[in-house]
2 protein chains.
Amino acid sequence: MPRSRVSAETVLHALGDPTRRAMVERLSRGPLTVSRLAAPLNITLTAVVQHLQILEASGLVHTEKLGRVRTCRLETSGLTVLEQWIHDRRSLWERRLDRLGDLLAEEQE
Amino acid sequence: MPRSRVSAETVLHALGDPTRRAMVERLSRGPLTVSRLAAPLNITLTAVVQHLQILEASGLVHTEKLGRVRTCRLETSGLTVLEQWIHDRRSLWERRLDRLGDLLAEEQE
DNA sequence: CTAATACTGAAGTATAGACTTCACTATTGG
DNA sequence: CCAATAGTGAAGTCTATACTTCAGTATTAG
């Protein structure tokens, strides 16, 4: 069964931004409402919500709205996808045969 | 002993760009010269070198110049730093006590 | 020695995307 | 019911950075 529909591409793009990293950092300590999450960041609530959309799409954060309050919590599936990505690159690298063949093949061009 | 001087911040920033991800992807299959690495990317050699500088600073890639040819290879230390970062966030998240105390403390403001 | 190769460096352009403003809706406390 | 709270959505600004051009150096093949 496919555990997740999000790609490592999406996760890495999401974590490429320092503000979003700060948000993930903060949420890894525990769930927060949007306003609480926004408070220490010196940007508008609107900007925070925009970042949240990207974090949600990447599987790093899950949000849920109850009444007028949206609560955000870290979702580990984004981290799992990233872990797998690292593992794959590492395997490829370790199994590389210092592909002399490829180098020679590419030679004529 | 500090295994690495590079931060997860640097690594995540480096991997935030799709071109740099493509370069890492390619290098995980084995070492390449700058020109070879650049060939399939539709950008100038100069741009590739600029990306390489960021990848090197992040500990994801090591390059070495022999004569006029610079060879690039994946450096796993960048990946290790990232793996550790994921592990840390995950631990924090799993040990969170759904900090009701914090929520109440932040209440007055 | 000359030409071609493989980069390097400085300096400018151009665009993705982070951020803002502002007007709006939905919920809740008093 | 009214005001305050909590967030939403559209549309535009503005800046970091990805990318280019061009002119240069060092190395190597013939």
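Numbers restart at 1 for each chain; the letters A, B, ... are given by sequence-line order, proteins then strands.
Across the protein-nucleic acid pair, B:L55 atom CG and D:dT17 atom P stand 15 Å apart, rounded to whole Å. In this entry the distance linking CZ of B:R20 with P of C:dA16 reads 16 Å, nearest Å. Taking atom CG of A:L52 as the reference point, atom C1' of D:dT8 lies 12 Å away to the nearest angstrom. One atom, CG of B:D17, and another, P of C:dT15, lie 16 Å apart when rounded to the nearest Å. If you take CG of B:L66 and P of C:dC7, they are 11 Å apart, rounded to a whole angstrom. Regarding B:I43, its CD1 atom lies at a distance of 15 Å from the C1' atom of C:dC7, rounded to whole Å. Regarding A:R21, its CZ atom lies at a distance of 11 Å from the P atom of C:dA18, rounded to whole Å.
In this model, no donor atom of one side chain and acceptor atom of the other lie less than 3.5 Å apart for A:R89 and B:T76.
The residue A:L45 sits close to a base: some heavy atom pair falls under 4.0 Å. Residue contacts shown for A:T19 are limited to sugar-phosphate atoms, with no base heavy atom under 4.0 Å away. Using a 4.0 Å heavy-atom criterion, one finds that A:L41 contacts no nucleic acid atom at all.
Both A:T44 and A:H13 lie near DNA chain C, and the one whose nearest nucleotide falls closer to the 5' end is A:H13. When each of A:R70 and A:Q50 is assigned the nucleotide of DNA chain D with its nearest heavy atom, A:R70 is the one assigned upstream, toward the 5' end.
At a cut-off of 3.5 angstrom, counting only N and O atoms as typed in the model, there is no donor on one side facing an acceptor on the other between the side-chain of A:Q53 and the base of D:dT8.
Using a 4.5 Å heavy-atom threshold, the side chains of A:T10 and A:V81 count as separate. Between B:V24 and B:L55 the shortest side-chain heavy-atom distance falls below 4.5 Å. No side-chain heavy atom of B:E56 sits under 4.5 Å from any side-chain heavy atom of B:H51. Contact of the A:L79 side chain with the A:E83 side chain is not registered, since no non-hydrogen atoms from C-beta on lie closer than 4.5 Å.
Between B:K65 and D:dT27 there is no side-chain N or O to OP1 or OP2 distance below 4.0 Å. Between D:dA4 and A:R68, no contact under 4.0 Å exists linking OP1 or OP2 to a side-chain N or O. Contact between the side-chain N/O atoms of A:H51 and the OP1/OP2 oxygens of C:dC19 is found at a separation under 4.0 Å.
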